[in-house]
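Some notes on the structure that comes next.
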Amino acid sequence: MSTDPSLPVHHKEIEEKEDVVIRFAGDSGDGMQLTGTQFTHSTAILGNDLSTLPDFPAEIRAPAGSLAGVSSYQINFSSRDIRTPGDAPDVLVAMNPAALKTNLKDLKQGGMLILNTDAFGPENLKYAGYTSNPLEDGSLNKYQLYNIPITLLNNKALEGSPLSKKEMERCKNFFALGLMFWLYQRPMEATIQWIGQKFKAKAELAEANKMALKGGYHYGETAELFKKHYRVPKARLAPGIYRNITGNEATAIGFVAASQLAKTPLVYASYPITPASDILHELSKHKSFGVKTCQAEDEIAAIGMAIGASFSGAIGLTGTSGPGMALKSEAISLAIMMELPVVIIDVQRGGPSTGLPTKTEQADLLQSIFGRHGESPLAVIAAATPGDCFTMAIEAVRIAVRYMTPVILLSDGYLANGAEPWRIPDFEKLDPILVEHPTANSAPFIPYARDEKTLARPWAIPGTPGLEHRLGGLEKQDGIGNVSYDPVNHEHMIKTRAEKIARISRDIPPLKVFGAETGDILLVGWGGTFGAITSATEALRQQGLPVSSIHLRHLNPFPSNLGDILERFETIVIPELNLGQLALLLRSRFLVNAHSLTKVQGQPFKVQEIIDGVKQLIKKRGVETWSSQPVALPH
Amino acid sequence: MVESASGVAPLTGAPQLTRKDFISDQDVRWCPGCGDYAILATVQRILPELGTPRENYVFVSGIGCSSRFPYYVNTYGLHTIHGRAPAIATGIKAANPKLEVWVVTGDGDALSIGGNHLIHALRRNVDIKILLFNNRIYGLTKGQYSPTSELGKKTKSSPHGSVDYPMNPLSLALGAEATFVARTVDTNPNHMKQVLMRAAHHKGSAFVEIFQNCIIFNDDAFKFVTDRQTRDDNAVILEQGKPLIFGKDKNKGIHLKGIKPEIVTIGENGVTEADLLVHNESEQEPHYAFLLSRFEAPQFPVPLGVFRAVSKPTYDQMLGQQIKTVMEKAPGDMKKLLHGPETWEVI
Ligand code: SF4
């Protein structure tokens with residue numbers, strides 16, 4: 001590992017650790033997301049496996065020092081293979097009393113607590129609801145407490161800078177970052193470079209931030225406070241080229257890849273909504289691939305534009321979150337009726353209504369599968385990890401164009417903003433996506449002629465002479481596609497559209513069981529809970545308990561071997577971040593007595609919560625409804 | 001560079017299209033006597049004259065009587081959902097700017113449920129033609145008042161008279177700064193043809209309000225401009241560069257007093273043609289056209305013709321241009337995209 005050569009040679013003791021969970025917490029204005037991202041970036045370059053959990057308020061700038069304004073960023077990094085951002089931080093960096101107050105409960109017993117004592121004045125303490133100063137009242141004695149006047153030290157490190165005092169103070173997150181870099185032996189080059197880039201136009205600001213960063217690093221090295229620092233060796237990841245990626249980035253570049261694989265241009269129409277907007281931002285940067293992005297006037301227009309684009313022969317995409325999904329539902333039914341390929345990505349957040357816009361949840365599953373008028377089946381798939389968003393974005397496009405159907409791709413706030421190291425695939429080795437647009441021949445054009453295998457109709461596009469045809473929302477006669485009010489034809493078309501979707505399961509690879517192929521307990525998960533469920537299964541198996549797990553990435557239709565697998569286990573347990581939506585589906589579809597393990601707190605599962613839940617079930621076996629929380633389930 | 005195919009002569013060797021080429025095999029199902037028939041016939045008459053290959057036309061509609069239109073025109077077409085046609089048309093045009101996209105809509109479809117999409121398509125200057133069949137009633141749902149029905153109108157859903165103030169479609173379009181705004185009447189095929197031809201040749205959003213008679217639920221709603229006895233006094237035909245003159249005897253005109261229009265009689269009180277407002281559709285700012293759009297009978301003659309026709313880059317053109325510029329500089333490199341800003345290797 002290399003660091004800035006101008007820094008003193010390390011002389012303090014170094015202890016090796018397998019994995020560490022750090023949480024940076026501070027005011028929204030303290031730059032905690034930035035600090036976390038930079039720490040993550042350097043950690044990724046160092047070759048650790050990692051997983052992150054950014055957590056920020058919905059308000060852009062909640063009042064400074066308030067509990068509501070606390071923003072945090074958690075990173076779990078390891079020399080092992082890890083799948084979650086970690087249950088409880090080993091280290092909490094709290095930049096003010098409010099951050100301490102809201103985050104302390106999560107810190108591990110005896111964990112390291114680094115506080116910016118300069119922020120613990122009477123006003124801030126009162127604002128955070130402290131009646132006595134925790135720095136003085138002994139309430140923090142059970143932690144390894146590091147009281148550091150970060151603001152003061154930072155300002156000292158910046159002595160001579162032309163910045164005002166207020167501007168200098170804003171650099172203090174870099175001081176804290178520098179200290180953490182020293183404490184965990186991370187290289188600073190990447191951040192120094194990033195600062196140079198970011199503040200290109202403001203040399204003195206760039207200089208000050210760099211000085212703050214180095215100041216923090218030096219402080220760790222020279223101050224007597226820290227007796228030792230730590231090293232987390234590289235993870236033994238599968239060989240390959242890696243990058244750090246968030247779910248939203250992976251989704252966006254997955255769509256670009258799909259467009260290239262299909263040799264078909266992409267039109268992404270979207271209305272800004274948290275936490276999906278970053279997909280729009282990312283795609284709007286990729287004009288060099290011919291990607292057209294349209295910022296629509298509303299959610300309905302966005303899906304409308306995607307449908308129009310798709311009719312014209314482009315890959316029509318739209319992205320949103322739960323409230324936007326609700327608005328799009330009528331238009332999605334139109335796409336089902338017209339049998340056009342459209343992909344809708346739903347980055348789920350806490351609902352209903354505006355709910356918890358910046359927090360994660362998995363409560364749009366039933367909306368995705370059923371939330372439309374009439375019998376309106378479509379394909380629903382879900383990404384399991386941030387990197388998997390890439391694969392599933394391609395999968396969504398592949399299904400949409402092969403079956404001429406809208407596809408809903410489910411992501412969530414946790415996947416969208418969370419980052420992980422991602423092994424970059426070899427683009428040349430990805431399967432191409434076959435897109436065919438018919439041209440005229442002597443036979444009359446039949447808009448609803450069906451492919452024998454997939455039941456898909458031809459994707460004839462405007463501009464093709466001789467294939468002029470009209471599509472619409474009215475029921476149509478199978479084949480020729482004329483408006484038809486014939487009752488028998490209507491039923492036939494309803495069943496045909498359903499059958500078409502059901503046949504997608506033929507293309508879905510069989511599910512693989514993690515753990516034993518048969519046995520006592522099977523955990524069934526879907527979407528962003530993959531990491532927590534898999535880690536819990538692993539831990540339970542290590543404790544000798546007969547637990548296996550499967551993870552669904554295809555939710556409609558299901559993989560064809562799902563029923564078989566469910567039958568091979570005594571007890572089915574379904575951990576979900578909702579009140580049991582997949583459980584409802586599996587119970588009705590397979591008549592299995594599925595137990596729900598639910599959590600709806602805007603936060604991902606902790607591994608321990610699933611472990612505890614399963615153990616509790618084992619203890620109480622025989623009880624019909626059961627949940628990790630004392631929640632009455634609606635079924 | 002405008003990427004549109006319209007206005008381009010058909011390729012040599014391509015057969016000259018006729019009206020019949022634009023008639024689909026579907027039976028037209030509007031009520032006998034409905035004004036929609038005349039509009040359909042006029043559109044089918046002008047399409048072959050525009051020189052665009054038939055396969056490059058797309059007709060898009062929403063929901064309502066008028067929205068059945070695409071089924072009857074033998075081009076590409078989409079009969080979509082209520083109010084959303086302008087958004088869907090925008091997507092079509094964004095994906096393929098070479099297509100000639102026409103939106104057919106009604107007063108309920110465009111102004112009520114789809115108001116938002118209408119104003120945004122117009123403000124973006126998407127190169128689409130929007131025909132608003134205004135019959136001042138909901139026809140397909142059997143006779144409720146619409147956003148253009150008069151205050152106090154008695155309908156099935158307003159037995160005591162509507163308490164909704166009506167909306168003026170042209171004022172709305174001008175408020176959204178549509179680059180082409182016009183009005184015509186279903187009973188005047190020649191005028192309609194002229195106006196629709198102008199719309200077809202306009203590059204950008206063209207918005208045409210067509211007074212359309214619903215013989216079943218709102219018969220004679222536009223009698224004041226269709227009846228031979230009254231029409232000359234109730235309508236003023238807009239002609240570029242000509243003074244606003246109307247009336248049976250062609251002796252009435254519009255004079256602007258300050259910012260207020262007033263009706264004057266030529267030859268009375270020393271008024272001559274030189275005192276009249278002269279029509280200028282190419283005023284850059286929409287104030288003048290907006291003033292015209294406020295003329296309502298019987299206080300003022302209702303203007304028919306082109307209110308505004310100005311030129312500015314279209315949405316689809318700019319969208320395409322940005323991509324072209326970026327791609328010319330450096331076409332996308334998939335490997336670079338996948339690799340992102342920073343990578344590391346695990347061996
Ligand atoms: S109800 Fe009115 S608008 Fe509709 S088709 Fe009949 S006459 Fe025409």
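Every chain is numbered from 1, with letters handed out A, B, ... down the list of sequences. The shown structure was predicted, so the numbers you read here are calculated from the model rather than taken from an experiment.
Heavy atoms closer than 4.5 Å to chain B are found nowhere in A/I245, neither backbone nor side chain. Contacts of A/P265 with chain B are absent, with no heavy-atom separation under 4.5 Å from either backbone or side chain. Contacts of B/E342 with chain A are made by both backbone and side-chain atoms, with heavy-atom separations under 4.5 Å. Heavy-atom distances place the side chain of B/R84, and not its backbone, under 4.5 Å from chain A. Within the 4.5 angstrom heavy-atom criterion, only side-chain atoms of B/Y315, from C-beta onward, approach chain A. Interface remark: B/V60 contributes no atoms to any contact with chain A (heavy atom separation under 4.5 Å). In this structure, the portions of A/L474 lying under 4.5 Å from any heavy atom of chain B include both its backbone and its side chain. Looking at A/E297, both its backbone and its side chain come within 4.5 Å of chain B, counting heavy atoms on both sides. A/A44 touches chain B through backbone and side chain together, each having a heavy atom under 4.5 Å away. Using a 4.5 Å cut-off between heavy atoms, B/A94 touches chain A through backbone and side chain atoms alike. In this structure, the portion of A/L334 lying under 4.5 Å from any heavy atom of chain B is its side chain and not its backbone. For A/M338, the part sitting under 4.5 Å from any heavy atom of chain B is the side chain, from C-beta outward, and nothing else. Only the side chain of A/I424 has a heavy atom closer than 4.5 Å to any heavy atom of chain B. Neither the backbone nor the side chain of A/S333 comes within less than 4.5 Å of any heavy atom in chain B. Residue contact with chain A, scored on non-hydrogen atoms closer than 4.5 Å, involves the backbone of B/I347 exclusively.
Options A/A257, A/A301, A/G240 differ in how many heavy-atom pairs under 4.5 Å they form with chain B, and the most are formed by A/G240. Contact count versus chain A (heavy atoms, under 4.5 Å) is highest, among B/N96, B/T343, B/T80, B/L338, for B/L338. Among A/V256, A/I307, A/L266, the residue with the largest count of heavy-atom pairs under 4.5 Å with chain B is A/V256. The residue among B/A95, B/P341, B/P331 with the most heavy atom pairs within less than 4.5 Å of chain A is B/A95. The most heavy-atom pairs under 4.5 Å with chain B, out of A/V291, A/D426, A/V267, A/D298, come from A/D298. Listed options B/R123, B/R124, B/K329, B/H82 were ranked by heavy-atom pairs under 4.5 angstrom with chain A; first place goes to B/R124. Between chain A and the options B/M334, B/M327, B/K335, B/E345, the largest number of non-hydrogen pairs under 4.5 Å is found for B/M334. Counting heavy-atom pairs closer than 4.5 Å to chain A, the top residue among B/I88, B/V326, B/I63, B/T90 is B/I88. Counting heavy-atom pairs closer than 4.5 Å to chain A, the top residue among B/Q322, B/H339, B/Q26 is B/H339. Chosen from A/G290, A/G473, A/P462, A/A238, the residue pairing most often with chain B at heavy-atom distances under 4.5 Å is A/P462. Between chain B and the options A/G472, A/A309, A/S288, heavy-atom pairs under 4.5 Å are most frequent for A/S288. Taking A/G304, A/G313, A/C294 one by one and counting their heavy-atom pairs under 4.5 Å with chain B, the maximum is reached by A/G304.
Of the possible polar contacts, one joining the A/H469 side chain to the A/L467 backbone as a donor-acceptor pair under 3.5 Å is found. The closest donor-acceptor contact from the side chain of A/D49 to the backbone of A/A235 lies at 3.5 Å or more, if one exists at all. The closest donor-acceptor contact from the side chain of A/S310 to the backbone of A/G316 lies at 3.5 Å or more, if one exists at all.
Below 30°, between 30° and 60°, or above 60°: for B/F59 and B/W102 the angle between ring planes is below 30°, a parallel geometry.
If you look at A/F390 and A/W422, their ring centroids are closer than 6.0 Å. Proximity of the aromatic rings of A/W459 and A/F311 is defined here by a centroid distance below 6.0 angstrom, and this criterion is not met.
Under the 6.0 Å distance and 45° angle rule, A/R470 does not count as a cation-pi partner of B/Y71.
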Q) Going through the checks in order, is the side chain to side chain donor-acceptor pair (under 3.5 Å) test met by B/T52 and B/E100? A) CA-CA 8 Å; B/T52 298; B/E100 289 297 322; 4.9 Å; no
Q: Could you give me the CA-CA distance, side-chain angles and deciding distance for B/E328 and B/T325, then say whether side chain to side chain donor-acceptor pair (under 3.5 Å) is met?
A: CA-CA 5 Å; B/E328 272 167 9; B/T325 310; 5.7 Å; no
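A salt bridge links B/D127 to B/K93: one of the charged nitrogens lies within less than 4.0 Å of a carboxylate oxygen. A salt bridge does not link A/D431 with A/K429: none of the charged nitrogens is closer than 4.0 Å to a carboxylate oxygen.
With 3.5 Å as the limit, one finds no donor-acceptor pair spanning the side chains of A/S78 and A/N48.
Atom OH of A/Y271 is surrounded by 12 or fewer heavy atoms from other residues, nucleotides or ligands within 6.0 Å. Environment of CG in B/D25: crowded, with over 12 heavy atoms of neighbouring residues, nucleotides or ligands closer than 6.0 Å.
The two atoms that bring B/A85 and B/S61 nearest to each other are CB-C, 3.6 Å, heavy atoms only.
For the pair A/H286 and B/L337, the minimum side-chain heavy-atom distance is below 4.5 Å.
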